[in-house]
Amino acid sequence: MATEITVNGKARSVDLPEDVPLLWVLRDELNLTGTKYGCGVAACGACTVHIDGVAVRSCQTALGDVDGDVTTIEGLGTPQALHALQAAWIEHQAAQCGFCQSGQIMQAASLLAQNPAPSDQDIDDAMQGNLCRCGTYPRIRAAIHSAAKATQGA
Amino acid sequence: MASFKKIARRTFLIGSAAIVGGVAFGTYKFTRPLENPLEAGPNEAALNPFIFIDQSGVTIITPRAEMGQGVHTTLAALAAEELDIAWEDVRVLHGPPAQAYYNSALMQAALPVAEYSKGAFMETVSEALGQANKLLGMQLTGGSTSMKDGYERLRHAGASARETLKLAASDALGVSVSSLRTENGRVIAPDGNSVSYSDMATRAAKIDPPQVELRPASEWKYLGKTMPRVDMTGKATGTAEFGIDVRREGMKFATVRMNPRLGAPMLSMDASAAETMPGIEKIVALDGGYAVIASNTWLAFQGADAVQAEWGDAPYPAEQGAIWQAIEDSFEGKANSTLRDDGDADTPVQGATEITAEYRMPFLAHATMEPMNATALYTGDALEVWCGNQGPTIVRDRCAEAVNLAPEQVTLHTTLMGGGFGRRGESDYAVLAAQVAKQMQGTPVQLTWTREEDMSHDFFRPAAIGRYKGAVKDGKAVLLDAKVAGPSVTIGAMKRLTGFTAAGPDKVHVEGAFDQPYQIPNYRIAGHLTDIAIPAGFWRAVGNSVNAFMHDSFLDELAHAASADPLEFRLSMMRHEHAPSAGTLEAVRDMSGWSGKREAGVGRGVAFAHSFGTPVAQVIEVIDEDGAIRINRAWIAADLGIALDPGNLEAQMYGGMIYGLSAAAFGEITFASGAVEQGNFPDYDALRMHNAPVTEVQILASGGFLGGAGEPGTPPAMSALTNAIFDLTGKRARTLPLMHEFDLLV
């Protein structure tokens with residue numbers, strides 16, 4: 001029994017049990033590997049995607065519970081057409097190993113959508129669920145501020 | 001060549017006997033060129049093992065693996081600096097496993113002497129040791145050695161390729177070589193005519209590459225500057241490929257569950273309930289555990305949960321208390337090493353004030369963001385493996401052994417790593433994937449560990465206990481006598497990496513204590529090894545992560561006993577011993593406005609460690625925030641000797657510090673009933689955006705040496721924090737992690 005979902009603007013039909021987390025639908029079924037597995041218990045944020053523009057942990061969202069349009073890092077922007085945050089990430093050279101960064105960027109995109117000019121405290125509050133073992137936090141913070149400025153100026 | 005390798009393995013000992021292995025072979029074998037592992041087709045040229053040219057441009061083969069430390073970028077910059085290619089045209093690939101990519105700097109660090117005080121003779125012996133690894137052929141990314149290893153090799157590779165291309169162009173254009181210049185991937189004649197490097201590939205491939213002088217630093221365009229990372233766009237757009245992202249046609253997804261009592265067998269297994277679950281393809285028993293292969297990783301996880309297994313008993317004490325007891329007991333035995341023994345540490349100094357302290361450090365997991373995984377395809381007479389790893393030649397050989405193939409029958413693709421920190425210097429996860437693939441002949445299988453499996457089946461930073469005694473007189477330390485006890489990383493790891501048994505004094509066990517640049521007249525550091533079968537591995541900064549905490553904490557205690565300023569106390573003992581080290585302390589003093597005076601509710605601590613050739617000083621400020629301790633600010637100064645990429649070095653120093661602070665605050669692995677008690681990030685947390693300090697980093701480059709970058713930021717972090725907490729609270733933290741005794745901001 002297939003489940004119909006919309007991912008990055010495309011309708012997809014997925015033939016998997018409804019309790020399979022969206023993370024594993026994206027990665028193993030749809031080959032959208034930009035969304036990462038880090039913990040499986042919503043403790044690291046590496047799997048963050050958007051449902052109707054709001055950040056969710058895809059490891060905790062069952063396929064059957066997906067009730068809106070899914071956007072992954074691949075749908076946010078591409079190397080040829082970067083999202084403002086991705087451009088800011090490159091400007092600030094934010095990533096080290098890079099494994100958490102898709103989730104960091106998706107979380108930050110959700111923050112900026114709701115709060116176009118976040119303070120440091122707003123960034124702390126929104127981003128503390130996203131773990132980075134390389135410790136890239138100061139550059140992530142700087143990149144979010146940069147992207148906020150770039151988006152407002154546009 | 002095989003017989004030479006065998007001889008090397010038999011005779012090569014670490015520690016003081018290492019010299020035997022290093023010099024026994026003379027120079028002939030060392031200087032013989034190694035085979036170029038790159039194969040060039042028509043219209044292509046592999047000018048050396050590092051430079052590959054085809055019709056789409058130049059590819060720089062980096063012999064070291066990218067785990068976040070920026071190594072691909074800086075290695076590429078070294079080659080591009082001489083090769084004259086535009087930065088935006090730089091393409092980087094990790095090389096295949098090959099002896100040509102051996103790490104020449106790795107074994108240089110094996111000498112049991114302090115890195116900062118190596119004299120000319122030791123440098124010579126050390127070079128010979130580096131050459132010895134040419135025979136062992138270990139292609140390893142670790143020990144913060146990549147730049148030391150690549151600094152000349154990659155520039156020579158670029159320079160030699162450039163001159164080869166000029167020779168080819170001279171022939172093609174009919175003008176003299178000396179009149180040609182190179183720029184942005186083209187050879188340009190005096191009349192303005194030019195040819196691209198790609199145009200010259202076929203001709204250049206037939207020319208014997210010359211060796212040429214390297215350009216002086218004054219002419220560098222890329223080196224010494226912050227270069228945009230070659231992997232940044234991929235990592236910001238989700239298009240960078242990590243091991244876990246490898247996708248092959250028809251691939252299946254698997255997971256493993258190994259005995260939670262590490263190294264023990266599986267006695268029996270009942271897979272009947274799991275076999276009928278959705279998506280399950282196959283369940284196989286392995287040596288010490290089982291694997292579940294499914295159509296989806298999560299379905300494999302569910303299947304694995306449903307398998308019932310009976311596990312054998314741990315080959316080590318099952319409870320944490322008994323493990324601590326084993327470490328305590330090892331103080332009773334003979335010391336494995338006494339690598340510093342200055343003056344007379346046995347006789348009390350007249351008129352001095354004596355203090356003692358005991359420190360305890362827990363086992364630690366690496367907890368890379370990307371859990372262990374590997375993908376493998378077994379076809380009967382060949383094995384193909386894809387994974388992030390720090391040691392391609394070793395991974396290839398271990399996988400070959402595991403499926404009864406020769407190393408030549410194994411193709412290994414080294415992907416980007418979602419963190420390494422030493423964990424991916426092991427081969428276990430790739431070997432398991434190879435074993436599972438053999439049971440699925442013809443089908444590619446990706447094997448992914450759950451986070452819980454990853455955390456509980458690590459090669460841990462071993463626990464340790466340090467017993468320190470010291471004395472101060474007239475504001476100075478006059479005696480420091482320390483014993484550290486704990487399991488060895490070296491013995492197990494060298495066995496796994498090379499197959500030989502390490503002997504002699506274990507330098508790594510006491511590094512960070514015996515090799516620090518302080519003048520103390522009576523100064524002894526002894527190491528006692530604990531023989532215990534808990535897997536131990538290289539964890540960022542290795543022995544330094546243990547000893548720098550204890551040694552530097554104790555210096556802080558001595559400073560307070562001497563009523564001296566902690567920063568000036570260290571500086572006064574260091575100034576005449578090692579100027580670059582003293583320079584880092586002076587730098588953090590100035591950056592942080594260190595005055596010895598603080599407002600109420602603010603504490604500051606200083607710490608210093610010299611590791612992997614790089615002195616690093618840190619000052620940390622903690623504040624009392626409504627009863628909780630916030631790590632508020634930090635200042636770091638590091639002297640790399642030569643700063644090849646200041647922006648990346650800043651990131652490594654900051655990141656290294658955060659890794660150390662995270663461990664100091666929250667990191668511990670404990671055992672109960674023989675199994676690891678921690679499973680996931682809620683049990684093993686780290687600093688996050690809101691509780692990481694605002695940090696200022698200064699990269700110094702005093703010249704004359706080239707220090708490592710990936711690890712030296714970690715060792716001083718733990719004691720800088722605990723020294724600051726002492727300053728704030730008056731309570732000395734001698735046992736980590738801090739979360740048990742202090743209310744930290746979480």
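Below, each value reflects all heavy atoms present in this structure, side chains not excepted, and no hydrogens, waters or symmetry copies. Letters go in sequence order (proteins before strands), and every chain restarts at 1.
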- A:L82, A:T78, A:I105 screened by side-chain contact (heavy atoms from CB on, under 4.5 Å) with B:T237, the one that passes: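 Answer after filtering A:L82, A:T78, A:I105: A:L82.
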- [ ] Run through B:K235, B:E66, B:R229 and flag the one making a side-chain contact (heavy atoms from CB on, under 4.5 Å) with A:Q96.
- [x]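 Of the listed options, the one satisfying the test is B:R229.
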Give, as side chain, backbone, both or neither, the part of [X] having an atom under 4.5 angstrom from any heavy atom of chain B.
X     : value
A:A88 : neither
A:L23 : neither
A:P17 : side chain

To the nearest 0.5 Å, what is the distance between [atom1] ([X]) and [atom2] ([Y])?
X      : Y      : atom1 : atom2 : result
A:Y137 : B:H690 : OH    : NE2   : 9.0 Å
A:T33  : B:R247 : OG1   : CZ    : 6.0 Å
B:F242 : A:K36  : CZ    : NZ    : 5.5 Å
A:D19  : B:L299 : CG    : CG    : 7.5 Å

Does any N or O in the side chain of [X] come within less than 3.5 Å of the main-chain N or O of [Y], such that one atom is a donor and the other an acceptor?
X      : Y      : answer
B:R688 : A:Q128 : yes
A:D28  : B:T297 : yes
A:Q86  : B:A236 : yes
B:N296 : A:W24  : yes
A:R27  : B:I244 : yes

